[in-house]
Amino acid sequence: MLSDMTRGADRLIEELRPAIADERVLDAIRTVPREAFVSLALRPRAYANVALPIGHQQTISQPLVVARMAELLRLRPGDRVLDVGTGSGYHAAVLARLAAHVWTVERHRALSEKAAAHLRRAGVENVTLVVGDGSRGLPDAAPFDAINVAAAAWPEIPPALERQLAPGGRLVAPVGASGQQLVLVERDAASGELTRVELEPVRFVPLIEGGEEP
Ligand code: SAH
């Protein structure tokens with residue numbers, strides 16, 4: 001017999017399917033146990049298609065938005081990925097299912113430590129957690145084939161992140177203050193030039209530039 005959690009994940013996939021065409025992304029969402037990334041009290045709602053609180057006024061993103069951003073990044077199994085705004089670690093875990101390795105940066109040390117425990121609980125081994133200001137990227141691990149930004153940049157995507165995109169690389173980020181839009185940035189493989197496309201409206205917590213927090 002299927003457990004309630006398995007049924008919840010299957011229901012969630014059926015809800016996402018009309019909006020998400022990439023079966024690899026749907027499979028990643030189906031196989032990452034979202035209940036491992038939320039508190040015990042929220043576990044019954046782990047597979048609802050909603051954002052949930054994770055402490056420090058932050059939230060674990062809505063599965064639909066995680067899936068959409070993963071689809072836009074067109075990840076390949078060999079890709080090296082930077083994820084800005086670890087939060088619970090859930091989004092990083094989904095990206096890690098689709099790529100070779102994920103470096104994820106969080107400014108709240110306490111959230112990063114909890115995320116490390118969540119990732120262990122979920123059996124995810126190809127994620128490196130870093131505490132610091134993700135708006136500066138990670139020059140030591142750059143360039144990245146894909147960059148996922150899970151907090152809203154304003155007034156623009158931090159230039160350091162765009163600089164750390166490999167030729168052919170893709171970056172997705174919410175941009176804006178009160179009204180935000182998803183923006184997809186691509187670096188042309190031949191010319192190295194960047195193109196930016198504005199997509200649908202979204203709602204994320206702000207990307208806060210500057211030092212780390214305990
Ligand atoms: N991806 C997360 C949810 C992200 S919420 C998940 O799957 O659970 C946004 C996160 O970005 C918050 O945890 C916030 O603390 C973090 N954040 C905001 N500004 C940041 C910065 N400059 N560098 C790193 N993390 C940042």
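Because the structure is a prediction, the values reported are computed rather than measured. One-based numbering, in listed order, for ligands and for the atoms of each.
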Exercise for review: Over 60° means perpendicular and under 30° means parallel, so classify the ring planes of His56 and His108, tilted if in between.
Suggested key: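 Plane angle between 30° and 60°, so tilted.
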Review point. Side chains of Leu82 and Thr104: closer than 4.5 Å at any heavy-atom pair?
Key: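 No - every pair of side-chain heavy atoms lies 4.5 Å or more apart.
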Point to revise | Lys/Arg-Asp/Glu bridge criterion (N-O < 4.0 Å) met for Arg74, Glu186 | key: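 So Arg74 pairs with Glu186 through a salt bridge.
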Exercise for review: Determine, for Glu14 against Arg11, whether the closest basic-nitrogen to carboxylate-oxygen distance falls under 4.0 angstrom.
Suggested key: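 Salt bridge between Glu14 and Arg11, a charged N being under 4.0 Å from a carboxylate O: no.
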Review point. Is there a side-chain contact (heavy atoms from CB on, under 4.5 Å) between Arg34 and Leu52 once you walk through the steps?
Key: CA-CA 11 Å; Arg34 197 168 183 244; Leu52 295 168; 3.9 Å; yes
Review point. With Arg80, which residues qualify under salt bridge (Lys or Arg N to Asp or Glu O under 4.0 Å), at least two apart?
Key: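 Here no residue qualifies.
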Could you go through ligand 1 and list every pair where one of its N or O atoms sits under 3.5 Å from a protein N or O, giving the atom names and the distance to one decimal?
{"from": "ligand 1", "atom 1": "1 (N)", "to": "Gly85", "atom 2": "O", "distance (Å)": "3.1"}
{"from": "ligand 1", "atom 1": "7 (O)", "to": "His91", "atom 2": "N", "distance (Å)": "3.0"}
{"from": "ligand 1", "atom 1": "8 (O)", "to": "Ser88", "atom 2": "N", "distance (Å)": "3.0"}
{"from": "ligand 1", "atom 1": "8 (O)", "to": "Ser88", "atom 2": "OG", "distance (Å)": "2.6"}
{"from": "ligand 1", "atom 1": "13 (O)", "to": "Glu106", "atom 2": "OE1", "distance (Å)": "2.7"}
{"from": "ligand 1", "atom 1": "13 (O)", "to": "Glu106", "atom 2": "OE2", "distance (Å)": "3.4"}
{"from": "ligand 1", "atom 1": "15 (O)", "to": "Glu106", "atom 2": "OE2", "distance (Å)": "2.6"}
{"from": "ligand 1", "atom 1": "19 (N)", "to": "Ile208", "atom 2": "N", "distance (Å)": "2.9"}
{"from": "ligand 1", "atom 1": "22 (N)", "to": "Asp133", "atom 2": "OD1", "distance (Å)": "2.8"}
{"from": "ligand 1", "atom 1": "22 (N)", "to": "Ile208", "atom 2": "O", "distance (Å)": "2.6"}
{"from": "ligand 1", "atom 1": "23 (N)", "to": "Gly134", "atom 2": "N", "distance (Å)": "2.8"}
{"from": "ligand 1", "atom 1": "25 (N)", "to": "Arg107", "atom 2": "N", "distance (Å)": "3.3"}

